[in-house]
Amino acid sequence: MKEAILRLLKEARPDYLSGEEICKSLDVSRTAVWKHIQALREEGYEIEARPKAGYLLTGVPDRLFPEEIRHGLAAQLFGREIFYRDSVPSTNDLAKEMARRGAGEGAVVVAEEQTAGKGRLGRGWHTPRYKGLCFSLILYPPVVPSEAAQVTMLAAVAVASAIRDVAGVPAGIKWPNDILVNSKKICGILTELSAEMDKINYLVTGIGINVNQDLDDFPGELRSVATSVKIEAGRAMPRLKLLQACLAEFEKWYAVWLGQGFSPVLARWKEMSVSLHCPVRISTLKECWDGWAEDVDQDGALLLRLSDGSLKRLVSGEVTLRLGT
């Protein structure tokens, strides 16, 4: 009911909408309308009330409420089902729980704050309240588990495209799925799955984007390697608009992947890569190699040309760009 009243207020702007019209449209009492108007105000919506005129929506908060995400959303599947929280330890953990409970394909878990987010290689990813984007997508792709890593690269293409389109900053992809702007990390992506030998039960892709953080919002050790959309664009960015763009881009590339395979996704990934055809260092928990990032194969593995001329195939690892070497 609250969402329906909000929709009517948005449709009426810039005019006032009388309480009587709302009551007739939704078949509710004036008392119920007033109750939901008050609830909307408590969430940060600015709503004027004028005798004999009615209600006018004058301001919308920078919040990721489901009704705001759906309003103007181009995606049809991703965002149809939304699980919103003000604060969570990890959107991926909540998404996995929702998947086990039967959440549908394309369901989105989104939070204003993430206190114990997970990055690759066991690292943390913290999203301060109302400044970043942290969301997870629930998927049931009809592919074998060995192809799950392709979704992570697909997500990188979608997010980098959305950041470019909405913010106008040159987002690029570092293998396999970090998003960089001017050599600094602006987004991390982590895919987790539940699977059997030949079947994926569900797959969760978590995305964390630094949107409106200032430099002081990052811990000291990260200030030289992390950035945000606001820092790079020189202005604050509407988080909602960026989230909607991410969902639309992901839906587009997910359909391409399911319909045409990984090749077109990989081709676009290569176009957006900032870690191919340059000297890099690849580190794992036990070893590291210096070489030339020559290519990425059809499975998403990095092909590293070593100094002795041999070619090493790597399916995981941390890439450091060796600029100027």
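We count residues from 1, following the sequence as given.
- The closest donor-acceptor contact from the side chain of R239 to the backbone of G132 lies under 3.5 Å.
- Checking side-chain atoms of N177 against main-chain N and O of I189 turns up a donor-acceptor pair under 3.5 Å.
- Cluster membership check: F262 does not share its hydrophobic cluster with L303, using side-chain heavy-atom separations under 4.5 Å among Ile, Leu, Val, Met, Phe, Trp and Tyr.
- Of the possible donor and acceptor atoms, none in the side chain of E46 sits under 3.5 Å from a partner among the backbone N and O of L57.
- Although no hydrogens or angles enter the test, the distance criterion places a donor-acceptor pair under 3.5 Å between the side chain of W269 and the main chain of P176.
- Checking side-chain atoms of S161 against main-chain N and O of V157 turns up a donor-acceptor pair under 3.5 Å.
- Residues Y55 and Y16 keep their aromatic ring centres 6.0 Å or farther apart.
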**Request:** Apply side-chain hydrogen bond (donor to acceptor under 3.5 Å, both in side chains) to the pair Y84 and E67, showing each step before the final yes or no.
**Result:** CA-CA 10 Å; Y84 169 86; E67 54 267 29; over 6 Å; no

**Asked** Where do K252 and E249 land on the salt bridge (Lys or Arg N to Asp or Glu O under 4.0 Å) test, with the steps shown first?
**Response** CA-CA 5 Å; K252 178 181 77 174; E249 285 289 335; 3.3 Å; yes

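- Side-chain contact, N210 with S228: no donor N or O sits under 3.5 Å from an acceptor N or O.
- Contact of the V143 side chain with the V151 side chain is not registered, since no non-hydrogen atoms from C-beta on lie closer than 4.5 Å.
- Salt-bridge formation is not detected for the pair K131/E113: no Lys NZ or Arg NE/NH1/NH2 atom is positioned less than 4.0 Å from an Asp or Glu carboxylate oxygen.
- Under a 3.5 Å cut-off, the side chain of R164 and the backbone N or O of V169 do not form any donor-acceptor pair.
- Of the possible polar contacts, one joining the R223 side chain to the F218 backbone as a donor-acceptor pair under 3.5 Å is found.
- Using a 3.5 Å distance cut-off with no hydrogens or angles, the side chains of Q298 and S263 do pair a donor with an acceptor.
- The OG1 atom of T152 sits 7.5 Å away from the CG atom of L190 when rounded to the nearest 0.5 Å.
- A side-chain donor-acceptor contact under 3.5 Å links S25 to the backbone of E21.
- Looking at S90 and N92, their side chains never bring a donor and an acceptor atom within 3.5 Å of each other.
- Salt bridge absent: R80 and E251 never bring a charged side-chain N and a carboxylate O closer than 4.0 Å.
- Residues K199 and N201 are in side-chain contact: their nearest non-hydrogen atoms beyond the backbone lie under 4.5 Å apart.
- Across every non-hydrogen atom of A171 and I163, the tightest pair is CB-CG2, 3.9 Å.
- Of all heavy-atom pairs between C187 and I207, the closest is SG-CG2, 3.9 Å.
- For the pair P170 and V181, the minimum side-chain heavy-atom distance is below 4.5 Å.
- Atoms CG and CZ, on L266 and R268 in that order, are 12.5 Å from each other to the nearest 0.5 Å.
- Between E97 and R101 there is a salt bridge, since at least one side-chain N of the basic residue sits less than 4.0 Å from a carboxylate O of the acidic one.
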**Request:** Verify side chain to side chain contact (heavy atoms under 4.5 Å, CB included) between L133 and L64, making sure each step is shown before the conclusion.
**Result:** CA-CA 9 Å; L133 274 179; L64 305 172; 3.6 Å; yes

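- Under a hydrophobic-cluster definition in which Ile, Leu, Val, Met, Phe, Trp and Tyr are linked whenever side-chain heavy atoms come within less than 4.5 Å, directly or via other members, I47 and M1 are assigned to the same cluster.
- Follow the hydrophobic side-chain contacts under 4.5 Å out from I186 and you reach L321 in the same cluster.
- With respect to the salt-bridge test (charged N to carboxylate O, under 4.0 angstrom), the residues E294 and R305 qualify.
- When side chains are defined from C-beta on, K2 does not count as touching F65, because their heavy atoms never get closer than 4.5 Å.
- For the atom pair CG (L137) and SG (C246), the distance works out to 9.0 Å, reported to the nearest 0.5 Å.
- Around atom CG of D15, more than 12 heavy atoms belonging to other residues, nucleotides or ligands sit under 6.0 Å away.
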**Steps toward side chain to side chain contact (heavy atoms under 4.5 Å, CB included) verdict (L302, I282)** = CA-CA 10 Å; L302 180 66; I282 310 296; 3.5 Å; yes

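- Aromatic ring centres of F78 and F250 lie closer together than 6.0 Å.
- Closest heavy-atom contact between A103 and I138: CB-CD1, 3.8 Å.
- At a threshold of 4.0 Å, the pair E20-K52 does not count as salt-bridged, since none of the basic side-chain nitrogens sits closer than that to a carboxylate oxygen.
- P128 places a side-chain heavy atom less than 4.5 Å from the side chain of Q213.
- The CZ atom of R85 lies 12.5 Å from the SG atom of C134; values are rounded to the nearest 0.5 Å.
- With a 4.5 Å cut-off on side-chain heavy atoms, V110 and T91 do not count as touching.
- Cluster annotation: L77 is connected to L258 through the hydrophobic network of ILVMFWY side chains, with a link wherever side-chain heavy atoms come within less than 4.5 Å.
- The closest side-chain heavy-atom distance from I5 to I37 is below 4.5 Å.
- In this structure, R281 places its CZ atom where only 12 or fewer heavy-atom neighbours from other residues, nucleotides or ligands lie under 6.0 Å away.
- Side chain of K174 to backbone of V319: a donor-acceptor contact under 3.5 angstrom is found.
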**Request:** Given salt bridge (Lys or Arg N to Asp or Glu O under 4.0 Å), test K184 with E232 step by step and report yes or no.
**Result:** CA-CA 10 Å; K184 292 186 175 183; E232 298 300 326; over 6 Å; no

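- Using a 4.5 Å cut-off on side-chain heavy atoms (C-beta onward), R13 and E11 make no contact.
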**Request:** Show your reasoning for whether side chain to side chain contact (heavy atoms under 4.5 Å, CB included) applies to L193 and V204.
**Result:** CA-CA 6 Å; L193 74 159; V204 166; over 6 Å; no

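- Here R30 contributes atom CZ and I22 contributes atom CD1; the two are 9.0 Å apart, rounded to the nearest 0.5 Å.
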**Item:** Trace of the side chain to side chain contact (heavy atoms under 4.5 Å, CB included) decision for E112 with S87
**Value:** CA-CA 6 Å; E112 304 284 2; S87 180; over 6 Å; no

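- A donor-acceptor contact shorter than 3.5 Å is absent between the side chain of D214 and the backbone of D217.
- Nearest heavy-atom pair, V166 versus A245, reported as atom, atom and distance to 0.1 Å: CG2-CB, 3.5 Å.
- Of the residues listed (R63, R7, K10), the one engaging E68 in a salt bridge (Lys or Arg N to Asp or Glu O under 4.0 Å) is K10, and it is the only one.
- Under the 4.5 Å side-chain heavy-atom criterion for Ile, Leu, Val, Met, Phe, Trp and Tyr, L8 and Y45 are members of the same hydrophobic cluster.
- In this structure, CG in L180 is found 10.5 Å from OG1 in T227, a value given to the nearest 0.5 Å.
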